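Taking it in order: structure first as structure tokens, then the write-up.
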Amino acid sequence: MVRHVVGIAPGLANLMNYQRSDLPHDLFAGISVAAIALPVGVAYAQLAGFNPATGLYSSILPLFAYAIFGTSRQLIIGPDAATCALVTAAVAPLASGDQARYESLSITLALLAGLLCIAASFLKLGSLVDFLSRPILVGFLNGVALSIILGQLGKIFGFPISAGGILPRLLEFVGKLGSTHWPTLIVGSGVFLVLQTTPYLLPRIPSTLVAMIIAAIAVRMLDLEQYGIKTVGEVPRGLPHMRIPHIPVALLPSLFGDAAGLALVTFSSMMLTSRSFASKNRYDVDADQDFAALGAANIASAFSQGFAISGADSRTAMSDAAGGRTQMTGLVAGVTIGMVLLFFTGPLRYIPIAALGAVLVKAALSLLDLAALRGIYKIDRSEFWLSILATLGVVAVGAIHAIGFAVTLALLRFIKLVSRPQVEVLGKVKNLSGFHSVERHPDAAIVPGVMLLRFNAPIVFFNAPYFKREVLAAAAARGVALKWLVLDMIPITMIDATGLYTAEEVADTLRERGVVLVAAGRQTEWKPWAESQKRAPTERKIPIFASLSEGIEAYQIANGLPADNRESVSD
């Protein structure tokens, strides 16, 4: 029974064995997380096109769902800037300005994304988190950040921006600068200044909470609404009513595609946060189980009239910094937010819209990861340009359609890496064991008459022609002095039927040139193929040795040469 509970709800199993010594730490951390989640939830509801209370609805039950089904001790689930931008991009064109329809579609989108996440968990697709490479995800989120910033500048400057897409929003913003409402700009700029300086002046107090309190007090005490400062207005009191979402059947095909993209991006983003804090605190997370936990959290949000959610990096960082030890932190945060909805919604009405815009711009700037982009540039220029392409995809086609673009980039990169792997000629390097690339080590010594060649990928149907071309080209470059070509099998993790027949063709071609092709390593993997050919060892076209050193030794024996000092390990 216990094992069954652990398999389905590992968080619940952990809570059943909760250590009382953790409670003071989790209580303090939970209240600290709620202090951030309250103003951020209101701001993200505005970004997603909802009533402010909806952002708080999306911050309660999802926390409980993840605490029961998730595997991370620190991760906090809730509204997220990138997720809200994706929801808006997906639903706004379908709603056609109808707010009731907009809310219904958003709730349906959250439900579908949740169901797809759970289905992906059952299919063990947690490895999808590794599919969107870090450069592509960084580039995608940079594009989303630019879109959010341009969408919120109008709230800070006091005029609406209705255009979609980054370039149209930029043009509209520049065109309307003459219509700036200066009192609104002063409030927005002041809030942004507070957000920037609070971490230095009051490092233990959430800057978002400080900024919202100061802005609300200023609106109330100075009666700023008379100067045209727009505020959130009345926030409905009470907890959300649980209900089954109305599903518009005619729009399901479109929403299904959007939900699939949303599930992939939110899961990838969540796991980046989850894994980083798990690594910091020295424990493991289960990607497949967390896929299901994210799905349960999105379904919980949909049933409580909320929208799609993901892992919240700023609130997770607060949980960790405040000393949160378990998912009890998330439960405390959820209860605290619920108490505010029940008894303390009055002060929320004075929060100015410009302040929410400033909060969202600050959040978007945290998504804009130029430091990571610089790091990627130093590591690999091609991956840097891949990241830039992902950003330009968001600029060109919008956030939701750019998901497909990002997935296409990932597919193309995967195909390129596997279909055109690096091919290396190996040699012996002084004071280093094994055999190493002569390209990286120009002083590496090669064995006369022998070429050691490494093909850094499986040999399968889509790269077999490339394998044949590269091996024959390498042999031709060595010239008539080459007698044996020893293929290092260690990086070749798989050979399919096409690869096997191609390897035999290479062996035949080399034999016509007076060169013997042999393989070294992975004898166990080659044995079934050799047996299937029903040939005696002496009749096989490609002899196999245990190591590169044995291949060299066999060449020396076959040609009556003295044996050199031999290495038993290849690099």
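Computation of the quantities below employed the complete heavy-atom set of this structure, encompassing side-chain atoms and omitting hydrogens, waters and symmetry-equivalent molecules. Model, not experiment: these values are computed from the prediction.
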Exercise. Give the intermediate values and the outcome of side-chain contact (heavy atoms from CB on, under 4.5 Å) for residues I118 and I299.
Key: CA-CA 10 Å; I118 292 176; I299 292 172; 3.6 Å; yes
Exercise. Would you sort out whether L510 and L472 count as a side-chain contact (heavy atoms from CB on, under 4.5 Å), showing the intermediate values?
Key: CA-CA 7 Å; L510 288 176; L472 295 179; 3.8 Å; yes
Practice problem: List the steps, then state whether side-chain contact (heavy atoms from CB on, under 4.5 Å) holds for F435 with V486. | Solution: CA-CA 12 Å; F435 298 92; V486 183; over 6 Å; no
Quiz prompt | side-chain contact (heavy atoms from CB on, under 4.5 Å) assessment of R478 paired with V515 | solution = CA-CA 11 Å; R478 182 67 64 88; V515 179; over 6 Å; no
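Rounding to the nearest 0.5 Å places CD1 of I379 at 12.5 Å from CZ of F384. In this structure, CZ in R420 is found 8.5 Å from CD in E470, a value given to the nearest 0.5 Å. Rounded to the nearest 0.5 Å, atoms CZ (F291) and OG1 (T266) are 7.5 Å apart. How far CG of D369 is from CD1 of I376: 8.0 Å, rounded to the nearest 0.5 Å. Here CG of L517 is found 5.0 Å from CD1 of I542. Values are rounded to the nearest 0.5 Å. Atom CG of L417 sits about 11.0 Å away from atom CD of Q422, to the nearest 0.5 Å.
Side-chain atoms of S419 do not come within 3.5 Å of backbone N or O of N463 as any donor-acceptor pair. Of the possible polar contacts, none joining the R315 side chain to the G330 backbone as a donor-acceptor pair under 3.5 Å is found. Not a single donor-acceptor pair under 3.5 Å links the side chain of S301 to the backbone N or O of A297. Without hydrogens or angle criteria, Q74 side chain to G324 main chain gives a donor-acceptor distance under 3.5 Å. One N or O on the side chain of Q327 and one on the backbone of L75 form a donor-acceptor pair closer than 3.5 Å. The backbone N or O of P135 lies less than 3.5 Å from a partner atom in the side chain of S387, making a donor-acceptor pair. Within the 3.5 Å criterion, the main-chain N or O of R73 finds a donor-acceptor partner in the side chain of Y283. Side chain of S269 to backbone of V265: no donor-acceptor contact under 3.5 angstrom is found. A distance-only check finds a donor-acceptor pair linking the side chain of N14 to the backbone of P10 [under 3.5 Å]. Counting only distance, with no hydrogens or angles, the side chain of T329 and the backbone of G30 share no donor-acceptor pair below 3.5 Å.
The aromatic rings of F455 and Y466 are tilted relative to each other, their planes meeting at an angle between 30° and 60°.
Taking the ring centre of F467 as origin, the terminal cationic atom of R469 falls outside the region bounded by 6.0 Å and 45° from the ring axis.
Take Y66 and apply the side chain to side chain donor-acceptor pair (under 3.5 Å) test, not counting sequence neighbours, and it matches D290. By the side chain to side chain donor-acceptor pair (under 3.5 Å) test, T502 pairs with no residue at all, sequence neighbours left out. For T83, the side chain to side chain donor-acceptor pair (under 3.5 Å) test picks out D80, with sequence neighbours left out. For E505, the side chain to side chain donor-acceptor pair (under 3.5 Å) test picks out K468, with sequence neighbours left out.
In this structure, the side chains of V394 and F140 come closer than 4.5 Å at one or more pairs of heavy atoms. Annotation: side chain of V425 is not in contact with side chain of L452 (no heavy-atom distance under 4.5 Å). Residues M451 and W484 fail the side-chain proximity criterion, which asks for heavy atoms closer than 4.5 Å. Using a 4.5 Å heavy-atom cutoff, the side chains of M270 and I77 are in contact. Side-chain contact between M271 and L294 is absent, with no heavy atoms from C-beta onward closer than 4.5 Å. L365 is listed as a side-chain neighbour of I149, based on a closest heavy-atom distance under 4.5 Å. Side-chain contact between I76 and L63 is present, with at least one heavy-atom pair separated by less than 4.5 Å. Between L373 and Y377 there is no side-chain heavy-atom pair separated by less than 4.5 Å.
The environment of CG in D443 is crowded: more than 12 heavy-atom neighbours from other residues, nucleotides or ligands sit within 6.0 Å. Other residues, nucleotides and ligands contribute over 12 non-hydrogen atoms within 6.0 Å of the OH atom of Y18. Atom CZ of R134 has 12 or fewer heavy atoms from other residues, nucleotides or ligands within 6.0 Å.
Heavy atoms only, all atoms of each residue included: I492 and P458 are closest at CG2-CA, 4.3 Å. Residue A90 comes nearest to P93 through the heavy atom pair O-CD, 3.8 Å, listed as atom of the first residue, atom of the second, then distance. Shown here for L15 and A67, the closest heavy-atom pair between the two residues is CD1-O, 4.1 Å. Here the closest heavy-atom approach between residue C84 and residue F307 is recorded as SG-CE1, 3.6 Å.
Legend: salt bridge (Lys or Arg N to Asp or Glu O under 4.0 Å) pairs involving residues 321-331, not counting sequence neighbours, sorted by first then second residue: D22-R325. The stretch residues 383-398 participates, sequence neighbours left out, in these salt bridge (Lys or Arg N to Asp or Glu O under 4.0 Å) pairs: E383-R413.
No side-chain N or O of T391 forms a donor-acceptor pair with one of N142 less than 3.5 Å apart.
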